Q: 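Following this message is one structure expressed as structure tokens.
Each chain gets a letter, A, B and so on, in the order its sequence line appears, and its residues count up from 1. Quick caveat, the model's predicted, so the values are computed rather than measured.
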Amino acid sequence: MSDTPNSPDTPAAANFVRDSVRADNEQGTFGGRVQTRFPPEPNGYLHIGHAKAICVDFGIAEDFSGVCKLRFDDTNPVTEETEYVDAIIDDVRWLGFEPGDVVYASDYFETLYTWAEHLITTGFAYVDDQDGDTISAQRGGYGKPGVESPHRDRPTAENLDLFRRMRAGEFADGSHVLRAKADMQHDNMQLRDPIMYRIRHEHHHRTGDDWVLYPTYDWAHGQSDAIEGVTHSICTLEFDSHRALYDWYLEHSPLPGDQPRQTEFARLELSYTVTSKRKLLQLINDGVVDGWDDPRLPTLRALRRRGYPATAIRAFCDFIGVAKTNSRHQIEMLEWFVRNELNRTALRRMAVLRPVKLVITNWPTGHSESITLQNNPENADDGSREVEFTGEVWIESDDFKAEAPPKYFRLTPGAEVRLRGAYYVKCTGYNTDADGNVTEVLATYDPETRGGSAPDGRKVKATIHWVSTAHAIDITAALYERLFAAEVPGERTGDPFDDLHPNSREIVQGKAEAALAEAAPGQVVQFERLGYFAHDHDQPALFHRTVGLKDEWANVQKRGK
RNA sequence: UCCGGGGUCGUUCAAUGGUAGGACAGCGGGUUUUGGUCCCGCAUAUAGGGGUUCGAGCCCUCUCCCCGGAACCA
């Protein structure tokens, strides 16, 4: 076991949810049993916010040797699709969790229906055939009591008859609903005779056309929990005011076992990020991004494509903990976890993304030699590789300046730097085109410094990366900035789209060492001194910048301004 | 307006009546063949008032601020 926060072995931090589960176990509340569920609605792709929920739901179950099922909350046939179901299962597994079972709220439609009849029979539900606006108006308002429906005291037999005919498809959408007979005066609006069933003549992704009657979330959720034996129903804060209803429904249902308990925690929000399904969909539909797996998106598919390791996401989620405070975590912290993981695991390679040619004027014409470089200084087991060096190499254009600003350690006329693993070179001059752009940097090398150290002990202040022009391969790199330029997108104007970063993706053509041609699809490597880059799954020469390296030089420049 | 949930360094999470601590971010230094990593150090917080107590971030009380709640969405 390691004590680094990024280790998958690190036990998750204590938090109020875990503590309450532990207390339940000690008191024998559920006979020592722990069962949770992760209940996404299959109407969109999972994003980083879901990752936290997944880590909480599956994590708690794991900690107490319980089970966590993946349950699709598919109670609304008009928005839900099978496409999302498959993707969600895939994403959960990618994160590293194996669902105890994959189930659907729609599996329980028949039981739910039976229980609804039970509520009718016991006098706790009735059929209302007023229109939606009327029902809504009768609900009252904050601080104002509601008024009871004229159908509230409909006789049981009539309720049963109407409800069965609703199921049989005799009525039009919106004409009838089944409502709980709770309390129209309750301070909590959720208890003011909520809708249990509505009529939707719609095709359902699993039950097809078997049903025209669909349960609402509140009626379906707690009952599904009870049916499958969930003990701890952990959800996000916005359901807090639903808990009273959750309990009410359970108390009035013929449960097969223990009554599950709902606990709420704060969802994960990230700076510079939107996670609303509606907004994500809009970004795609408006063509701002290419699709659900565009690396600029916070969806799990996108983060995966971008090179975020699942282990880093999990470590982040475990580390930020679980609380009830509404909070927005800084994306910098997530990026720290990503770098921390990749620093240990990513092989180093040299790539030049904005190339300028460096000509070594005293290099023997036509000579080429092989340089041995470590694959990962953090892990000797990753071994080494051979890289060809010649008298003409690509270097990063940022690594040369005709006139050096203060504290600039790289190449400038008269300055000596190390070409990583190869030789010291001293800049002797440069050539420009008619417009004054640097076309070639000229330098001499010191043959005594092979391998990158000088026998006379003299030091250089910079080491720069390089790629032999004769041996370079062409690559394309996608450089991403944050999709939104504001910490809280939409805070100024109410519309996150007003805060879109004007240039969140830059495509550059670069040069790279030959070994990069062997990168596996999806593999993440470090381009030395530049950042971590994920090899695209489909396009062989395309690399997505996962995250840059911490850049002290950029800080120096920023401070100088 | 009513009900509910919150308020601890810049951000976030701890401290469950007994020295307010960690991480990220920031700043300074050391090591370094990545201006990376690593190491060392510095600075910064209990929303406000009253009370209980030997002792309060924690308990009581009043005030202020933030979030959620009146879909036939989840």
Side-chain angles (χ1 to χ4, degrees), chain A residues 5 13-16 19 39-41 43 73-76 78-80 128 131-132 135-146 173-179 186-192 194-200 214 216-218 220-221 235-244 264 266 271 277 316 319-337 339-340 343-344 348 350 373-374 377-378 407-410 418-422 424 451-453 459-465 487 526-531 548-556 559:
Chain A
N15 61 60
F16 80 97
D19 289 348
E41 186 188 9
N43 68 347
D73 241 333
D74 55 351
T75 56
N76 187 354
V78 310
T79 57
E80 295 152 5
D128 200 341
D131 63 72
I135 291 175
S136 177
Q138 287 171 348
R139 212 165 239 136
Y142 302 138
K144 288 191 280 285
D173 288 9
S175 63
H176 295 67
V177 290
L178 184 72
R179 296 178 72 181
H186 204 106
D187 286 333
N188 183 344
M189 302 288 292
Q190 306 298 331
L191 271 310
R192 319 249 263 227
I195 302 326
M196 295 171 65
Y197 277 97
R198 71 282 214 197
I199 298 171
R200 293 275 164 87
Y214 290 97
T216 53
Y217 164 82
D218 288 295
H221 199 89
C235 62
T236 44
L237 245 29
E238 68 270 27
F239 293 103
D240 178 289
S241 58
H242 293 242
R243 190 174 63 245
E264 312 83 21
S271 61
K277 274 179 198 169
F316 169 73
F319 188 76
I320 61 175
V322 182
K324 297 193 80 153
T325 320
N326 287 304
S327 59
R328 183 179 304 272
H329 284 79
Q330 295 178 327
I331 196 162
E332 289 85 347
M333 186 172 304
L334 208 209
E335 291 172 342
W336 182 86
F337 275 89
R339 286 194 195 99
N340 191 42
N343 178 52
R344 294 196 343 243
R348 271 57 169 175
M350 292 200 290
L373 285 173
Q374 278 235 288
E378 301 294 320
K407 292 185 182 167
Y408 185 79
F409 303 148
R410 283 109 96 152
R418 171 167 40 235
L419 294 179
R420 174 120 222 212
Y424 281 16
S453 56
K459 301 285 187 203
V460 290
K461 289 181 103 168
T463 299
I464 67 175
H465 59 281
E487 221 175 304
Q526 184 194 101
F527 289 178
E528 290 222 35
R529 302 209 304 134
L530 297 177
L549 256 25
K550 201 169 131 196
D551 188 350
E552 183 54 26
W553 170 235
N555 276 347
V556 169
R559 282 198 292 270

Q: Using a 4.0 Å heavy-atom cut-off, does A:Val322 contact any base of the nucleic acid, only the sugar-phosphate backbone, or nothing at all?
A: sugar-phosphate
Q: Could you work out the separation of B:U8 and B:C42 based on their P atoms and round it to a whole Å?
A: 25 Å
Q: Give me the distance, rounded to whole Å, that separates B:C62 from B:C67 when you measure between the P atoms they each carry.
A: 23 Å
Q: When you get a sec, tell me which of B:G35, B:G5, B:G36 is the closest nucleotide to the side chain of A:Lys324?
A: B:G5
Q: Atom CZ of A:Phe16 and atom C1' of B:G7: how far apart are they, to the nearest Å?
A: 15 Å
Q: Just the rounded figure in Å: distance from P of B:C2 to CZ of A:Arg192.
A: 14 Å
Q: Hey, are A:Arg339 and A:Glu332 close enough for a salt bridge, meaning a charged N less than 4.0 Å from a carboxylate O?
A: no
Q: What is the separation between atom CZ on A:Arg243 and atom C1' on B:G6, rounded to the nearest whole Å?
A: 14 Å
Q: I'd like to know whether A:Glu41 forms a side chain to side chain donor-acceptor pair (under 3.5 Å) with A:Asn43, so could you lay out the CA-CA distance, the side-chain angles of the two residues, the decisive distance to 0.1 Å, and finally the verdict.
A: CA-CA 6 Å; A:Glu41 186 188 9; A:Asn43 68 347; 3.0 Å; yes
Q: If you only use heavy atoms from C-beta on, which nucleotide in B:G36, B:G28, B:C13 is closest to the side chain of A:His329?
A: B:C13
Q: Looking for any heavy atom pair under 4.0 Å, which part of the strands does A:Arg328 touch: base, sugar-phosphate only, or nothing?
A: sugar-phosphate
Q: Can you tell me how far C1' of B:C24 sits from NZ of A:Lys550, to the nearest Å?
A: 11 Å
Q: For the P atoms, the ones on B:A45 and on B:U37, what distance do you get once it is rounded to whole angstrom?
A: 28 Å
Q: Checking salt bridge (Lys or Arg N to Asp or Glu O under 4.0 Å) for the pair A:Glu552/A:Arg559: CA distance, chi angles, key distance, verdict?
A: CA-CA 10 Å; A:Glu552 183 54 26; A:Arg559 282 198 292 270; 3.1 Å; yes
Q: What about the rings of A:Trp553 and A:Tyr408, do their centers lie closer together than 6.0 Å?
A: yes
Q: Considering Watson-Crick and G-U wobble pairs with both distances under 3.5 Å, what does B:A23 pair with?
A: B:U11
Q: Students often get this wrong, so: under 4.0 angstrom with heavy atoms, is A:Lys461 touching a base, only sugar-phosphate, or nothing?
A: nothing
Q: Checking only heavy atoms, does the side chain of A:Arg410 share a donor-acceptor pair with the base of B:G35 at less than 3.5 Å?
A: yes
Q: What is the distance, to the nearest angstrom, from the CH2 atom on A:Trp336 to the C1' atom on B:C38?
A: 12 Å
Q: Rounded to whole angstrom units, what separation is found between the CZ atom of A:Arg418 and the P atom of B:U34?
A: 7 Å
Q: Measure up the A:Phe337 and A:Phe319 rings against each other and bin them: parallel (under 30°), tilted (30 to 60°), perpendicular (over 60°).
A: tilted
Q: Give a yes or no on whether the backbone of A:Gly141 and the side-chain of A:Arg192 come within a donor-acceptor separation of less than 3.5 Å.
A: yes
Q: Nearest nucleotide by nearest heavy atom, which residue falls closer to the 5' end of RNA chain B, A:Lys407 or A:Met333?
A: A:Met333
Q: Measure up the A:His242 and A:Phe239 rings against each other and bin them: parallel (under 30°), tilted (30 to 60°), perpendicular (over 60°).
A: perpendicular
Q: So what's B:C2 paired with, Watson-Crick or G-U wobble, going by both distances under 3.5 Å?
A: B:G69
Q: Since syn is defined as within 90° of 0, does B:A25 count as syn or as anti?
A: anti
Q: Any N or O donor-acceptor pair linking the side chain of A:Gln330 to the base of B:G10 at under 3.5 Å?
A: yes
Q: Over all strands shown, is A:Thr325 touching base, sugar-phosphate only, or nothing at heavy-atom distances under 4.0 angstrom?
A: sugar-phosphate
Q: For B:A20 and B:U12, measure between their C1' atoms and round to the nearest Å.
A: 16 Å
Q: In this structure, how many angstroms lie between the P atom of B:U32 and the CZ atom of A:Arg529, rounded?
A: 18 Å
Q: Could you please name the option among B:G26, B:U37, B:G35 that lies closest to any side-chain atom of A:Glu378?
A: B:U37
Q: Using the C1' atoms only, state how far B:G22 lies from B:C65, rounded to an integer number of Å.
A: 27 Å
Q: Does A:Glu332 contact B:U11 through a side-chain donor or acceptor facing the base, at a distance under 3.5 Å?
A: no
Q: So if I define the base as every atom that isn't primed, P, OP1 or OP2, how would nucleotides 66-74 of chain B read as a B/S/- string at a heavy-atom cutoff under 4.0 Å?
A: -SSBBSBSB
Q: Using the C1' atoms only, state how far B:C66 lies from B:U32, rounded to an integer number of Å.
A: 47 Å
